[in-house]
Q: 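Provided herewith is a single structure, encoded as structure tokens, for subsequent inquiry.
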2 protein chains.
Amino acid sequence: MAEEKNNISKADFRFMNDALVDVYDHIMRIEEETLRKSTFRDISVKEIHLIHAITLHDHKTSTEVANELRLTKGTLTTNVKTLERKGYVKRINDEQDHRVTRLTLTNKGKLLYRAHDAFHRQIVKSFIKGMDGNEVKVIKCALINLEDFLSDITQ
Amino acid sequence: MAEEKNNISKADFRFMNDALVDVYDHIMRIEEETLRKSTFRDISVKEIHLIHAITLHDHKTSTEVANELRLTKGTLTTNVKTLERKGYVKRINDEQDHRVTRLTLTNKGKLLYRAHDAFHRQIVKSFIKGMDGNEVKVIKCALINLEDFLSDITQ
DNA sequence: TAAATTGGTTTGATGTTCAAACTAAATTAC
DNA sequence: GTAATTTAGTTTGAACATCAAACCAATTTA
């Protein structure tokens, strides 16, 4: 009640901090378990994040994807190689520039992408469950605050 | 405006999903960089999470901490060993039960714990920056929603 | 007191990552 | 227009985190 703006009670801090931390761990764990029990049991969470980065339609280059995921090019090469072996990803040789290889998902890869996306949609839906437009706005605002804060640190 | 309860627009989904994902990556990255530039440059993000789990005061057993972090006992043993070598953690032999070792932070470890906690406090503060008590309640509600949803999945 | 359980460590293997050396293609400079 | 430089991606060798399984020692149960 007597909460001051920009000043947060110890209890609120504890709650929000723990929630933010726990939620993330929890999501990762569920992603892992869900994958294990699905048709895609040969895929790890790290691998699905690579599949997500490759996306459905834009044929990004290896370097682009590596930068996005903040992996070295060497690491990306090996990761792509195993996903190619498992049948989720295809390399395409760029016609213009023969040095670059572009990455794309196979049908199996696209299927997995969509399943993963659906799971995330559920998460977001549950996040704002029962809220009206105004309340959703508050959540969005909080996320923008946080993104701004984080960007400021790194500038 | 014409937002229906429990139904989320494609744009809102995109925004929230990306924000949730990006925010987490970003926090990890900043934690890593901050550590690199600090007095604690010999500590990784994973190590700080172990230090956080050991906490300031309760002398948890190795098994307790392992379960909390969902690591095997073997993994915990090796992780604790390096943190002990680096001077952040101490083992204590339990007087009652001579099989158990309890974990505690050295002064250096406590210092790091507090620095890390302060960083998290900043994050939470920025998250609810400029919001009144009511708006904070909305955020808390969203986090509870999410936690419930995730718990339901695993039951 | 013998057998089973529990807490923790050690060991050997696997997976992820990196930095650095490398190859091939494209661009720039002379 | 060739030589030097840069760029895109791969390969290689090492480091680290993790796990499962075997193990040891202390405690509990039968």
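Numbered from 1 within each chain, the chains take letters A, B, ... in sequence-line order.
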Q: Compare every heavy atom of A:Leu150 with every heavy atom of B:His26, then report the nearest pair and how far apart it is.
A: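 It is NE2-O, 3.5 Å.
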
Q: Looking at A:Lys60 and A:Thr55, would you say the former's side chain and the latter's main chain have a donor-acceptor pair under 3.5 Å?
A: no

Q: Does the protein touch nucleotides 21-30 of chain D at the base, only the backbone, or not at all? Give it as B, S and - per nucleotide, heavy atoms under 4.0 Å.
A: -----BS---

Q: Report the distance from atom CG of A:Asp94 to atom P of D:dG9, rounded to the nearest whole Å.
A: 9 Å

Q: Could you check which residues of residues 75-93 of chain B get a heavy atom under 4.0 Å from DNA chain C? Sort them by number, please.
A: B:Thr77, B:Lys81, B:Arg91

Q: Please verify the inter-ring angle class for B:Tyr113 with B:His52; under 30° counts as parallel, over 60° as perpendicular, anything in between as tilted.
A: parallel

Q: Is it the case that B:Lys140 places NZ or CZ above or below the six-membered ring of A:Phe15, under 6.0 angstrom from the centre and within 45 degrees of the axis?
A: yes

Q: What are the two closest heavy atoms between A:Asn145 and B:Ser126, and how far apart are they?
A: CB-O, 3.0 Å

Q: Mind listing the closest non-hydrogen atom pair of A:Leu76 and A:Ser62 along with its distance?
A: CD2-O, 3.2 Å

Q: Could you check if a side-chain atom of B:Ile48 sits within less than 4.5 angstrom of a side-chain atom of B:Phe119, using non-hydrogen atoms only?
A: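 Side chain of B:Ile48 against side chain of B:Phe119, heavy atoms only: no contact under 4.5 Å found.
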
Q: At a heavy-atom distance below 4.0 Å, what parts of residues 31-70 of chain A sit against DNA chain C?
A: A:Ser44, A:Lys46, A:Arg70

Q: Taking only Lys NZ, Arg NE, NH1 and NH2, and the carboxylate oxygens of Asp or Glu, determine whether B:Arg29 and B:Asp25 approach each other closer than 4.0 Å.
A: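 Looking at B:Arg29 and B:Asp25, the cut-off is not met.
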
Q: Give a yes or no on whether a salt bridge exists between B:Arg102 and B:Asp58, defined as a side-chain N under 4.0 angstrom from a carboxylate O.
A: no

Q: Counting only N and O atoms by type, is there a donor-acceptor contact under 3.5 Å from the side chain of A:Arg36 to the main-chain atoms of A:Arg41?
A: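 Answer holds: yes.
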
Q: Does A:Thr72 put a side-chain nitrogen or oxygen below 4.0 Å from OP1 or OP2 of C:dA19?
A: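 For C:dA19, OP1/OP2 do not have a side-chain N/O of A:Thr72 under 4.0 Å.
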
